[in-house]
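Shown next, in structure tokens, is the structure this report addresses.
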Amino acid sequence: MSGAGWAWVEHLEGGGTTRWSEFRASGATAPERDRVLPGVAQMELARRVNLLSPGRPHPVVGRILATGAPGRGPQDIPLAGAVARTEYGPRPMFPRAVPLEELVRVGTGVLAEELAARVPLLRAQGATASHRSGPPGLSTPRGPYPPKRWWPRRTLRLPVAPLDALLYDEWVARAQRGRVRPWPSWMKLLAESDRLPDTLDLPTIARRWDQAWWHRVELVPSGEVARVDANAVAVVRRVNTLLGLLADEEGRQLLTATVVGPWLGGQDGPRLAVPEQHRWWVRARATRMAEQLADAGYRVREDLTVLPALDESSPTAASMEAVLDVTIKILRDGWEKR
Amino acid sequence: MTGKRVVLHVGTPKTGTSYLQDVLFNNRERLRSHDIDYPADRFDAHFLAALDLMRLPWGGLETEAVGAWDEVVERTKRWHGTTIISHEILATASRAHVQRALSSLGHPGTEVHVVLSVRDLARQIPAEWQENVKHRRAISFADFIDELKDPDRTGKIASWFWGVQELPAILDRWADQLPPEHVHLVTVPPPGSDKSLLWRRYAQAFGLADLDLDLHVERVNPSLGVPETALVRRINEAVNAELAPAHYRPLVRELLAHQTLSKRTSTPRLGLPPDVWEWAHGISEQWVAMLAGKGYDVVGDLAELVPAQPPEAFTDPDSPKERQVNRAAVDAIKALLLENARMREHEAELHGRIADLEGALERSYLRPTYRAREKAVRKLQNSGGGRTALKAYRKIRGR
């Protein structure tokens, strides 16, 4: 029965893009190999990778077919029509029924393995992780922060922007560094615990700087900063979580500085808005923040009412279809092509 | 035992595995003198190795697991005799992970044995739900069972549960490439059996029966009763958003669940409602029929995998008796108060030590030589030449 399944594997390895339903109808078979047929998620992902350049075999397809899905979730889902249903184990599934999340799971697993394999070469090339890479943050203070005693510049320019945009930037920065929750779940955690990240506590940052009598704070417009595509961040977030298992801290920093960060910096696209149920909290915190900054008497070059002006039109979660598209593009073209 | 071989204990959870692993870890030296190596420098070394092998993130712990599987394999290759590797989450390994595990261990050149310890589903289902609750989940028992019964098994709870508990599927993955006599099933004895019986079965499966080992262990993973589990679930709902994992583990899982609430043994125990018991009973009978014909080495009795008799009474943990939960809560508050008092005493002691250190530092500042040096530094800092000289001096001294 799995002869047809192995024939589809052969077809995929050769760059084939035919759907399983059509392929199966053709009656093609191939000898069984000395291992179990790859899972349906692996095979469907391989087909979708081939769709980018049909008929041209790509080495990543072989790696996809040989890799187990990382993390929690179903393993080795059998291909319906090629593997008989047993009385136990996961039910065989047709490729069209495989959740997109599963395809992304397999794909980001392969991406993480490939990235980890680059670390020894990066080290041999003397790459360093000392410079900041990737997209610039809206909230990064311009000036000497944290305060340094003998620093000659004495004015800290603190960019002011809508609080939801600042939160999104902080989330993107965390996704680049390593493990972070998905955006909706991160927002829920912040709202329920009524806590902003330290980096966005503008009144405290300003107060700390302003305490030294020779220093002063200016609140300035954040300016136009390119938005980072939320779907690209979703891929990086998943890959970085897995890299925690595959590379040490220094290796992960190297990859962020030299591969993932530069790639993400080129991924302009729609950002995410705060989920509706948490907007009242973000607005309340932003209003309170604006009041605290206004009361402190800093020099203000930006209207502080921008802080609670939230974006309500952007999506509130990444689109799994778009996340899969990004994953497939990197699998096929690598991180260097933007 | 003689000759090089690897014994891989791959599960299942809730079958006394922590006890076995602690005995193996505590007796490492003694085992080595009998040509048996348990390659671990910390009690959870094989847990980290399993995370690495299966590419399984685990709440941030995975960063400690980088290269852990390869380390265990290296030690295995260097050892001349038997090596034991044991962790229950290995049960959920995919075929690709199993393939990597066996190849890295040198199979088929190296003789590999797989041990699977197994217990009946009527005990495993409530035990796994309780384990979920002790890992911060707030899912009700009814919803947990509904997820397990969902034939699609798409949820994370169901895919994990069946991944580590569905015995024929686990053996399909782990035993597929091994001769059946190299596959050992250790059945957990039914409730009320002699407490040492499970260890004796483990000892037989691992070839430890004739060894004089220290069987005392400190770390335990005791079970909770119905009101206690219900209480921890309510605590999870209340604290999940605010309590960091680093604090949850010592305060809720260890202090409250393991050290306090598990001592309340007179409350109703967790079990299955009658209809779920019937369902589990049917699955177990199927499994036993499938396993019986495989020719595996069974240590114990496969019949023990079939739940013996329906429960006399079922106490629903989703609707516990509030009086019992309140009593458990009072015990929990007492434990937290005592722990808080201990921490306050510890804090006071640390403040005392800081004051002593500050006093000693102050006295050293008051010494005439220190004051003379301080005066010289101040004077040098007031002139450009002095600052240059000071900088050069510090550079020479490497400061």
Side-chain angles (χ1 to χ4, degrees), chain A residues 34-39 41-42 63 65-78 85-91 93 97-99 101-102 105-106 108-110 112-113 116 119 178-179 185 188-195 238 240-252, chain B residues 48 51-69 89 92-100 150-173 176-177 238-244 282-283 286-287 289-291:
Chain A
D34 190 22
R35 64 185 174 97
V36 174
L37 194 67
Q42 279 81 354
R63 290 196 289 277
L65 294 173
T67 306
R72 291 189 178 219
Q75 289 286 0
D76 305 321
I77 306 171
R85 170 88 175 103
T86 57
E87 290 175 44
Y88 55 86
R91 282 203 303 192
M93 214 178 248
V98 178
E101 176 74 46
E102 280 308 301
R105 183 170 153 233
V106 173
T108 48
V110 174
E113 298 275 354
V119 172
R179 195 183 172 90
S185 144
K188 182 171 184 274
L189 182 74
L190 293 178
E192 286 184 355
S193 59
D194 191 22
R195 280 181 63 181
R238 285 169 166 79
N240 271 345
T241 300
L242 294 169
L243 275 177
L245 273 162
L246 303 171
D248 59 18
E249 175 72 24
E250 191 207 346
R252 293 198 299 276
Chain B
L48 298 176
L51 296 185
D52 180 23
L53 174 76
M54 300 192 294
R55 306 301 195 228
L56 188 60
W58 199 280
L61 278 177
E62 65 276 3
T63 54
E64 296 174 40
V66 179
W69 177 260
I89 63 168
T92 192
S94 71
R95 287 183 183 276
H97 300 142
V98 171
Q99 184 59 48
R100 183 185 161 211
D150 175 9
D152 285 339
R153 301 180 182 180
T154 45
K156 287 195 172 173
I157 285 178
S159 60
W160 177 264
F161 179 87
W162 295 113
V164 295
Q165 296 293 349
E166 194 169 34
L167 308 181
I170 296 168
L171 289 162
D172 265 4
R173 298 192 296 268
D176 192 35
Q177 301 178 42
V239 305
N240 266 351
E242 295 177 60
L243 192 64
I283 294 174
Q286 273 182 10
W287 288 359
M290 285 174 203
L291 298 177

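A, B, ... follow the sequence lines: proteins, then strands. Residue 1 opens every chain. Quick caveat: nothing in here was measured; it's all calculated off a predicted structure.
- Of the listed residues (Ala65(B), Gly163(B), Gly60(B)), the greatest number of heavy-atom pairs within a distance under 4.5 Å of chain A belongs to Gly60(B).
- Ranked by heavy-atom pairs under 4.5 Å with chain A, the list Met290(B), Glu64(B), Arg173(B), Glu166(B) is led by Glu166(B).
- Comparing Gly68(A), Gly244(A), Ser193(A) by how many heavy-atom pairs each has under 4.5 Å with chain B, the most go to Gly244(A).
- Heavy atoms closer than 4.5 Å to chain B are found in the backbone of Ala69(A), but not in its side chain.
- A salt bridge between Glu113(A) and Arg63(A) is absent, with no side-chain N of the basic residue lying under 4.0 Å from a carboxylate O of the acidic one.
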Given the rule in the side-chain contact (heavy atoms from CB on, under 4.5 Å) test, do Arg91(A) and Arg85(A) qualify, once you have shown the distances and angles that lead to the verdict?
CA-CA 7 Å; Arg91(A) 282 203 303 192; Arg85(A) 170 88 175 103; 3.3 Å; yes
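- Only the backbone of Ala247(A) comes within less than 4.5 Å of a heavy atom of chain B; no side-chain atom from C-beta onward does.
- For the pair Arg72(A) and Trp58(B), the distance from NZ or CZ to the six-membered ring centre is under 6.0 Å and the angle to the ring normal is within 45 degrees.
- A salt bridge is defined here as a Lys NZ or Arg NE, NH1 or NH2 lying under 4.0 Å from an Asp or Glu carboxylate O, and Arg238(A) with Glu101(A) meets this definition.
- Enclosure of atom CZ in Arg195(A) is not indicated, since only 12 or fewer non-hydrogen atoms of other residues, nucleotides or ligands lie within 6.0 angstrom.
- Using a 4.5 Å cut-off between heavy atoms, Arg100(B) does not touch chain A at all.
- Contact count versus chain A (heavy atoms, under 4.5 Å) is highest, among Ala93(B), Ala169(B), Pro168(B), for Pro168(B).
- You'll find the side chain of Thr63(B) stays beyond 4.5 Å of the side chain of Arg179(A), heavy atoms only.
- Put simply, of Ala158(B), Ala68(B), Ser159(B), Gly155(B), the one with the most heavy-atom pairs under 4.5 Å next to chain A is Ser159(B).
- Thr86(A) meets the side chain to side chain contact (heavy atoms under 4.5 Å, CB included) test with Tyr88(A); sequence neighbours excluded.
- Counting heavy atoms from C-beta on, the side chains of Leu167(B) and Leu291(B) come closer than 4.5 Å.
- Both the backbone and the side chain of Asp152(B) have a heavy atom closer than 4.5 Å to some heavy atom of chain A.
- In this structure, no portion of Trp162(B) lies under 4.5 Å from any heavy atom of chain A.
- Chosen from Met54(B), His97(B), Lys156(B), the residue pairing most often with chain A at heavy-atom distances under 4.5 Å is His97(B).
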